[in-house]
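Everything numeric here is computed off the predicted structure, so don't read it as measured data.
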Amino acid sequence: MTQRYISILFLLLAMFVPALGSGKAHLLPPPAEHTALKPETLEYKVIFRWGLINKTAGRAVITLSKNHKHYNSQLTARSEPWADHFYKVRDTLNGRMDLTFRPLLYEKIANEGSERKHDVVEYNYDTPGIVKADCIRKVWKKGKPFIDETRTLETEHNAVDMLTSFYYLRTLPFGEWKKDEEIVVDIFSGKRKEKLTFVYHGIEEAEVNGIKEPAYHVTFRFTGKGGKKTSDDMDAWVSADARRVPVRLSGKLAVGKVHCELVNRK
């Protein structure tokens with residue numbers, strides 16, 4: 001199992017990837033009420049399960065603020081002290097979006113195990129029908145520079161990043177979609193462009209903190225060049241109400257499973 005996949009689970013990132021269509025470069029406008037999202041804070045816990053072991057391994061907090069031009073979001077994640085001995089995580093994601101949640105800037109500051117990473121993605125919409133992104137990626141291993149590179153990514157499809165997608169996901173009309181329908185989207189990071197296949201399974205009851213609530217069940221499949229998988233499949237449950245908050249994520253590790261659960265929404 002790659003460090004990238006473990007990091008995704010800790011950050012709840014996979015839960016935030018949207019099921020956008022493969023239309024042209026502009027994102028579909030969200031409902032009018034969604035552009036008036038108020039500042040909020042969502043807190044999650046990450047639970048590791050293996051045999052009789054059932055322990056909270058980490059926590060994540062994601063916040064949203066707004067000014068007259070932009071939305072700003074930040075996600076922070078950290079592993080618990082006992083989990084630090086196996087894989088220490090101290091990560092921060094920063095994002096800026098316009099008022100239709102189109103991504104403008106994405107930054108990932110990651111401290112994972114013995115690695116430190118800094119990715120910056122700046123979006124460019126100057127060319128009609130094309131989304132371009134200037135990407136800077138730096139990696140240090142055991143305190144020494146390992147990667148320092150820049151690249152430009154582009155697509156004719158909708159483009160999102162790990163943080164922006166969290167909000168756009170909440171605008172999607174799941175109730176109008178058919179069970180087992182599949183949709184593909186491009187997603188940018190400082191490293192590469194990937195494809196994600198989103199599979200919708202319908203409404204189920206999701207149990208979170210001992211309470212059951214209706215939720216939309218989805219599966220995510222990440223692939224790279226040639227359709228090769230870049231991580232194992234993951235499952236997410238999104239609340240079937242007006243807020244569309246991701247309440248649960250489940251994925252496999254080389255040993256055991258990880259479950260991310262919402263513990264507080266403000």
To the nearest 0.5 Å, tell me how far L105 CG sits from D161 CG. 8.5 Å
Minimum heavy-atom separation for A83 and A57, please, with both atom names. CB-O, 3.5 Å
May I have the step-by-step check of side chain to side chain contact (heavy atoms under 4.5 Å, CB included) for L163 and I62, ending in yes or no? CA-CA 9 Å; L163 190 56; I62 182 168; 3.8 Å; yes
Evaluate the criterion side chain to side chain contact (heavy atoms under 4.5 Å, CB included) for residue pair N111 and K88; output intermediate values, then yes/no. CA-CA 8 Å; N111 294 276; K88 186 176 181 178; over 6 Å; no
How long is the gap from CD on E107 to CG on D119, to the nearest 0.5 Å? 9.0 Å
Could you check whether R102 makes a cation-pi contact with Y125, meaning its NZ or CZ is under 6.0 Å from the centre of the six-membered ring and within 45° of the ring axis? yes
For residues W50 and V258: do they belong to one hydrophobic cluster (side chain heavy atoms under 4.5 Å, members Ile, Leu, Val, Met, Phe, Trp, Tyr)? yes
Short question: side chain of E181, backbone of K178 - any donor-acceptor pair under 3.5 Å? yes
Distance-only donor-acceptor check, side chains R96 and N72, under 3.5 Å: no
Under 4.5 Å between side-chain heavy atoms, counting indirect links through other Ile/Leu/Val/Met/Phe/Trp/Tyr residues: same cluster for L104 and L64 or not? yes
Parallel under 30°, tilted from 30 to 60°, perpendicular over 60°: which one fits the rings of Y200 and Y216? tilted
Test your reading of the model: is there a side-chain donor-acceptor pair from S114 to the backbone of K142, 3.5 Å cut-off? no
Trace of the side chain to side chain donor-acceptor pair (under 3.5 Å) decision for D235 with S250: CA-CA 5 Å; D235 289 278; S250 180; 5.8 Å; no
Could you state whether I109 and L75 fall into the same hydrophobic cluster, counting links through intermediate Ile, Leu, Val, Met, Phe, Trp or Tyr residues with side-chain heavy atoms under 4.5 angstrom apart? no
One pair to check against side chain to side chain contact (heavy atoms under 4.5 Å, CB included): E43 and R59. What are the steps and the verdict? CA-CA 7 Å; E43 301 176 11; R59 297 183 183 275; over 6 Å; no
Which of E204, H201, E205, E213 passes side-chain hydrogen bond (donor to acceptor under 3.5 Å, both in side chains) with W237? Answer is E204
Indicate the atoms forming the closest heavy-atom contact of A236 with F220, along with that distance. CB-CE1, 3.5 Å
Do R265 and E40 make a side-chain contact, defined as non-hydrogen atoms from C-beta onward lying under 4.5 Å apart? no
Crowded around K179 NZ? As in, over 12 foreign heavy atoms under 6.0 Å? no
Establish whether I136 and W140 are linked, either directly or via other cluster members, by ILVMFWY side-chain heavy-atom contacts under 4.5 Å. no
If you round to the nearest 0.5 Å, how far is CG of D91 from CZ of R116? 11.5 Å
Taking all atoms of both residues into account, what is the closest heavy-atom pair of S73 and M97, and its distance? CB-CE, 4.0 Å
Residue pair P246 / L262: nearest heavy atoms and the distance that separates them: O-CB, 4.2 Å
Parallel, tilted or perpendicular, as decided by the 30° and 60° cut-offs, for the rings of F86 and W82: perpendicular
Taking side chain as C-beta onward, heavy atoms only, is L99 less than 4.5 Å from Y71? yes
Treat each ILVMFWY residue as a node, draw an edge where side-chain heavy atoms are under 4.5 Å apart, and state whether Y106 and V61 are in one component. no
Counting heavy atoms not belonging to K195, are there more than 12 under 6.0 Å from its NZ? yes
Audit row: R90, D84, side chain to side chain contact (heavy atoms under 4.5 Å, CB included) steps and yes/no: CA-CA 10 Å; R90 299 290 188 276; D84 286 346; 2.9 Å; yes
Atom CZ in R49, atom NZ in K257: separation rounded to 0.5 Å? 9.5 Å
Between atom NZ of K108 and atom OG of S189, what is the distance when rounded to the nearest 0.5 Å? 8.0 Å
Tightest non-hydrogen contact, residues V247 and V208, listed as O-CG2, 3.7 Å
To the nearest 0.5 Å, what is the distance between CD on E194 and CZ on R192? 4.0 Å
Side-chain touch L249/Y44, heavy atoms, less than 4.5 angstrom: no
When every non-hydrogen atom of N67 is compared with those of H70, the smallest separation belongs to OD1-N, 2.6 Å
Identify whether the distance between the nearest side-chain nitrogen and carboxylate oxygen of E80 and K55 falls below 4.0 Å. no
Donor-acceptor pair, distance only, cut-off 3.5 Å: does the side chain of R151 make one with the backbone of K191? yes
More than 12 foreign heavy atoms under 6.0 Å from NZ of K193: is that the case here? yes
